[in-house]
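In what follows, a structure is listed as structure tokens, so that the remarks can point back to it.
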Amino acid sequence: MASVSSQPQFRYTQPPSKVLHLRNLPWECTEEELIELGKPFGKVVNTKCNVGANRNQAFIEFADLNQAIAMISYYASSSEPAQVRGKTVYLQYSNRQEIVNNKTTADVAGNVLLVTIEGADARLVSIDVLHLVFSAFGFVHKITTFEKTAGFQALVQFSDTETASSAKNALDGRSIPRYLLPEHVGPCALRITYSAHTDLSVKFQSHRSRDYTNPYLPVAPSAIDGSGQLTVGLDGKKLEAESNVLLASIENMQYAVTLDVLHMVFSAFGPVQKIAMFDKNGGVQALIQYPDVQTAVVAKEALEGHCIYDGGFCKLHISYSRHTDLSIKVNNDRSRDYTIPNTPMVNSQPSILRQQPVSAMGPTVQYNGAPYTPTQEQQQPGMPQTSAGWGPGVPPMPQSMPMQMHSNPYMPPGTMPPQGMMQSPIQSGLPQSSMLPPYGSGHMQ
DNA sequence: AGCACA
């Protein structure tokens, strides 16, 4: 009582109640901790935690009024304040006589979590980031997101209550790790309660909802354009169906990017079958055809956003083409079919070596993928690509590079550049493992 | 640090 009357603005003594009002709680405070706190004084029959705007208040209801009085009296005269996790908790009689509506859906543990993403940039958190965050605790079945007055919210469905609880306990009040968010996105905290749902209804895969148990669920019509092409990814970003043909556009093309340079760069990941270059929107684009989708995926992942030359020159932007087989009518300096040795060659002078603006500068694409080392058989048209030479353990600079210029079926006799020129820009530019992987010399023309 | 689905 003394503690209550010591504060002028709340000096009025509350009439006793078997319900106590607690404040200044750590707001991760659990029901169990409240019970622990009250247990010494009597039987706690009900609690309600995470009350108030800051979720740092709670109520404890004792079986008997005398027990509540005992607790108030004890802490009124105690030198040690009531504490939860070392934080001082202030308590007083509640102005209500019983806890009502204690078990709201938010308190009843279930397999679906209601997640509120807080922060100015909450809306910029993608469903994929949420998926990543919650997947740390178990398989996430479904996620739906929506906007409410509470802000940007998501329902995250786990297999069971235990998994959901572990995620809730670990993540409630925490911020999404910065490294999972784009740089421009500010901090985003998660507030998590249980949802009353047990099974979310996800009709489409979209940037707003996802069903990870059903990868064949149709994609939302809003994400598909008139031609049936997928244009909007499930994260709301542009997305294309994977293809064995890549569309590369070159940004900031300070240096001439030739067919040969492209061939060299893209051959690092597998045999390049065809390349077609063309002008588009004032820039240069190229279609690069691999024999299979997997190779194209690896190449795209590795090269996307990277620059062919140091200093941000010739930055590659790569998407999947709708093409699956390019039609190369003539081999010239803008298009090439590497699978047909005898297609007429037009103007196939190796240009990279002549056109280097800085003599010692070679392509320096950096990427994180495993380098592909072209081998003899992988150069053979029609041969199935082996996985040999793949994997993270492949050294970026093998001891002996396969020298197969002599056997290159695509190189017309007499057009082979001098050995010294072949070596200088490319190989001398590879002192570090992060640099461009070895290109078989046979790829260069 | 101050009373509960707003």
Side-chain angles (χ1 to χ4, degrees), chain A residues 1-38 41-42 44-63 65 67-69 71-110 112-119 122 144 146-156 164 168 172-173 189-198 200:
Chain A
M1 293 210 220
S3 66
V4 170
S5 58
S6 68
Q7 299 194 332
Q9 66 270 44
F10 296 105
R11 86 180 85 92
Y12 307 107
T13 305
Q14 311 291 131
S17 164
K18 54 188 200 316
V19 180
L20 301 184
H21 174 233
L22 318 201
R23 58 185 194 273
N24 199 38
L25 288 157
W27 57 266
E28 306 89 359
C29 179
T30 63
E31 185 176 14
E32 289 70 32
E33 287 170 312
L34 295 179
I35 294 172
E36 281 301 307
L37 196 64
F41 307 97
V44 176
V45 295
N46 212 345
T47 64
K48 183 169 181 60
C49 46
N50 301 320
V51 166
N54 293 327
R55 296 180 165 257
N56 58 358
Q57 300 173 50
F59 298 94
I60 298 178
E61 181 177 340
F62 284 101
L65 178 63
Q67 297 166 350
I69 292 173
M71 185 167 182
I72 290 292
S73 303
Y74 174 81
Y75 284 112
S77 57
S78 167
S79 56
E80 290 293 315
Q83 287 185 320
V84 171
R85 293 187 211 178
K87 197 174 180 201
T88 296
V89 173
Y90 303 90
L91 46 129
Q92 63 189 134
Y93 297 116
S94 172
N95 52 25
R96 301 202 197 175
Q97 291 305 117
E98 59 184 9
I99 292 177
V100 298
N101 197 21
N102 178 51
K103 295 294 180 194
T104 64
T105 61
D107 295 316
V108 178
V112 177
L113 299 177
L114 171 62
V115 181
T116 304
I117 298 102
E118 297 182 331
T144 61
F146 48 91
E147 302 259 357
K148 279 285 180 62
T149 49
F152 184 51
Q153 294 189 301
L155 290 163
V156 179
K168 177 180 183 292
D172 191 12
L190 301 173
R191 286 291 176 86
I192 304 176
T193 62
Y194 294 105
S195 163
H197 291 92
T198 55
L200 303 174

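All chains are named by letter (A, B, ...) in the order of the sequence lines, taking the proteins before the strands, and each is independently numbered beginning at 1.
- Side-chain atoms of A/S78 never come within 3.5 Å of backbone atoms of A/P81 as a donor-acceptor pair (strictly under, hydrogens ignored).
- Both thresholds, 5.5 Å between centres and 30° between ring planes, are not jointly met by A/Y90 relative to the base of B/dG2, so the two rings are not stacked.
- At a cut-off of 3.5 angstrom, the base of B/dG2 holds no donor-acceptor pair with the side chain of A/Q57.
- Atom pair A/L22:CG and B/dA1:C1' shows a separation of 12 Å (rounding to whole Å applied).
- Here the P atom of nucleotide B/dG2 and the CZ atom of A/R96 are 17 Å apart, to the nearest Å.
- For A/L25 and B/dC3, the CG to C1' distance is 13 Å, given to the nearest whole Å.
- Across the protein-nucleic acid pair, A/I99 atom CD1 and B/dC5 atom P stand 12 Å apart, rounded to whole Å.
- One atom, NZ of A/K48, and another, P of B/dA6, lie 11 Å apart when rounded to the nearest Å.
- A straight line from CZ of A/R55 to C1' of B/dA6 spans 11 Å, rounded to a whole angstrom.
- Annotation: side chain of A/D172 is in contact with side chain of A/R191 (closest heavy-atom distance under 4.5 Å).
- Rounded to an integer number of Å, the gap from A/H21 NE2 to B/dA4 P is 8 Å.
- One interatomic measurement links the two molecules: CG of A/N46 to P of B/dC3, which rounds to 19 Å at whole-angstrom precision.
- Within the 4.0 angstrom heavy-atom criterion, no nucleotide atom of any strand lies near A/E61.
- Residues that satisfy the ring-ring contact (aromatic ring centres under 6.0 Å, His included) test with A/F41, not counting sequence neighbours, are A/Y74, A/Y75.
- Side chain of A/N24, nearest nucleotide from B/dA1, B/dG2, B/dA4: B/dA1.
- Contact check for A/K168 versus A/L113: side-chain heavy atoms found under the 4.5 Å cut-off.
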